[in-house]
Amino acid sequence: MIYTVTLNPALDYVLRAESLNQDDITRANSAELFPGGKGINVSMLLSSLNVPNRALGFVAGFTGAGLRQMLQAQNIETDFIVLPKGSTRINVKLYAPGELAVNAPGPEVGPECLEELLAKLDGLESGDTLVLAGAVPSGMPENIYETIMDHLKDKGIRIVVDTTGEALRRVLPYHPFLVKPNHHELGELFDTEIDKNDVDRLAEYAKKLQEEGAVNVLVSRGSAGALLVDETGAVYTQGIVPESAGTVVNSVGCGDSMVAGFLAGYELEHSYDAALRMGSAAGNASAFFDGIADGKTIRQIYQDYFQS
């Protein structure tokens, strides 16, 4: 079973308008509401590919109840901790044209809630996969991912960490199964810049993360595609689909989709090459959606552009 943890999930309210009127009312042409949060995105894409998973984290208020209902409608098992105060945040994304994004703060999480989360994670078994995704919200201990990984060490659980900066570096000694920086974030970890097309340097610095403890390193590199250095040191690359494949409407969630597709491919074929190809198909597919791509589109793109 794959489990995802989203510490500060959201509802994403996506509005589209012809223009943004600062001195008058802006009237949207369309409005859609999506579940949001990096771990939530992973769960939704896994579900679209019929990979069983369970979403954990913290929710609150009527917005939290709505989030759970939306996920359950997508056949995602949920086991959220319901906080006693506050509401799950709503993030607003306005395209008018251009993009304006306003992310709200989340509800306060007390120390007792973190203990409850660790107790839930005690139910994971050897062979399960746990995805820890997203920045740590203010008010939570900065070392929460380390705490979770230390709590679960020696249990045979594959842990995927998708975060950035020092939060990523601090978990490396716990040997995460997969980390996924983009090429900018990889360079920032070593105080350098790495061109997304420079496969040799990307592989060099990905292997430095392995020296610090990462098992597999997946690097997303925008229009250049993706690069994987697997646990044996083998290097794989994948490009992106041609412009004729579809209209790009959104880049938010593409990295999360790549992580989910990678896990789905690995679950199905236990091959890192297949995992990278499915991850690339999923990441590319989600660029064509306001939310997360559906399974049909992902499979079609995989068949057309990424099948070996």
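Everything numeric here is computed off the predicted structure, so don't read it as measured data. Atoms considered below: every heavy atom in the structure, side chains included; atoms not considered: hydrogens, waters and symmetry mates.
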Same cluster for [X] and [Y] if Ile/Leu/Val/Met/Phe/Trp/Tyr side chains link at under 4.5 Å?
X: Val199; Y: Val217; answer: yes
X: Tyr236; Y: Val215; answer: no
X: Met1; Y: Ile148; answer: yes
X: Leu189; Y: Val229; answer: yes
X: Leu100; Y: Leu15; answer: yes

Please find the pair of heavy atoms, one from [X] and one from [Y], that lie closest to each other, and give the distance.
X: Thr88; Y: Gly64; answer: OG1-CA, 3.3 Å
X: Cys113; Y: Phe58; answer: O-CE2, 3.6 Å
X: Gly36; Y: Ile40; answer: O-CG1, 3.4 Å
X: Tyr174; Y: Met149; answer: CB-CE, 3.6 Å
X: Leu67; Y: Ala10; answer: CD1-O, 3.8 Å
X: Asn91; Y: Ala104; answer: OD1-N, 2.9 Å

Is it the case that over 12 heavy atoms from other parts of the model lie below 6.0 angstrom from the [atom1] atom of [X]?
X: His184; atom1: NE2; result: no
X: Glu108; atom1: CD; result: no
X: Gln72; atom1: CD; result: yes
X: Glu18; atom1: CD; result: no
X: Glu142; atom1: CD; result: no

Mark yes or no for whether [X], through its side chain, and [Y], through its backbone, hold a donor-acceptor pair below 3.5 Å.
X: Ser257; Y: Gly283; value: no
X: Asp294; Y: Thr297; value: yes
X: His175; Y: Gly213; value: yes
X: Ser286; Y: Ala293; value: yes
X: Asn284; Y: Ser280; value: yes
X: Asn29; Y: Ala17; value: no
X: Asn216; Y: Glu231; value: yes
X: Asn21; Y: Asp23; value: no
X: Asn143; Y: Glu146; value: no

Modelled atom types, side-chain donor and acceptor of [X] and [Y], under 3.5 Å:
X: Asn75; Y: Ser47; result: no
X: Tyr302; Y: Arg277; result: yes
X: Asp195; Y: His183; result: no
X: Ser271; Y: Asp273; result: no

Inset, instruction - Classify the angle between the aromatic ring planes of Tyr266 and Phe262 as parallel (below 30°), tilted (30 to 60°) or perpendicular (above 60°). - result: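 Parallel, since the angle between the ring planes stays under 30°.
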Inset, instruction - Please work out whether the ring planes of Phe177 and Tyr272 are parallel, tilted or perpendicular, with thresholds of 30° and 60°. - result: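 Geometry flag for Tyr272 against Phe177: tilted rings.
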Does the side chain of [Y] come within less than 4.5 Å of [X]'s, by heavy atoms?
X: Leu45; Y: Asn41; result: no
X: Lys207; Y: Val235; result: yes
X: Gln74; Y: Pro35; result: yes
X: Arg169; Y: Val179; result: no
X: Leu178; Y: Leu218; result: yes
X: Phe306; Y: Met278; result: no
X: Pro107; Y: Asn8; result: yes
X: Val51; Y: Leu263; result: no

Legend entry - Step-by-step side chain to side chain contact (heavy atoms under 4.5 Å, CB included) determination, Leu132 to Leu130: CA-CA 7 Å; Leu132 305 173; Leu130 175 65; 3.9 Å; yes
Inset, instruction - Run the numbers on Lys180 and Ser220 for side-chain hydrogen bond (donor to acceptor under 3.5 Å, both in side chains), then give the verdict. - result: CA-CA 7 Å; Lys180 195 215 69 64; Ser220 57; 2.9 Å; yes
Legend entry - Criterion side chain to side chain donor-acceptor pair (under 3.5 Å) against Ser43, the qualifying member of Asp256, Thr6, Thr4, Thr78: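 So, applying the side chain to side chain donor-acceptor pair (under 3.5 Å) to Ser43 and each of Asp256, Thr6, Thr4, Thr78, only Thr4 qualifies.
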Inset, instruction - Kindly determine whether Ser223 and Lys196 satisfy side-chain hydrogen bond (donor to acceptor under 3.5 Å, both in side chains), including the steps that lead there. - result: CA-CA 8 Å; Ser223 60; Lys196 62 187 177 183; 2.6 Å; yes
Legend entry - Residues Asp128, Ile2; criterion side chain to side chain contact (heavy atoms under 4.5 Å, CB included); working and verdict: CA-CA 6 Å; Asp128 286 339; Ile2 299 176; over 6 Å; no
Inset, instruction - Validate the cation-pi geometry between Arg89 and Tyr13: distance from NZ or CZ to the six-membered ring centre under 6.0 Å, angle to the ring axis within 45°. - result: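 Cation-pi check for Arg89 and Tyr13: fails.
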Inset, instruction - Decide whether a cation-pi geometry holds between Arg54 and Tyr3; the criteria are a distance under 6.0 Å from NZ or CZ to the six-membered ring centre and an angle within 45° of the ring axis. - result: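 Arg54 over Tyr3 ring: no.
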Legend entry - side chain to side chain contact (heavy atoms under 4.5 Å, CB included) between Glu77 and Asn53, worked out: CA-CA 6 Å; Glu77 294 183 29; Asn53 69 95; over 6 Å; no
Inset, instruction - Check the pair Val109, Leu7 against side chain to side chain contact (heavy atoms under 4.5 Å, CB included), reporting the backbone distance first and the verdict last. - result: CA-CA 9 Å; Val109 180; Leu7 299 174; over 6 Å; no
Inset, instruction - Show your working on side-chain hydrogen bond (donor to acceptor under 3.5 Å, both in side chains) between Thr147 and Asp150 and close with a plain yes or no. - result: CA-CA 5 Å; Thr147 300; Asp150 184 66; over 6 Å; no
Legend entry - SB check Glu267 Arg158 (cutoff 4.0 Å):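 Yes.
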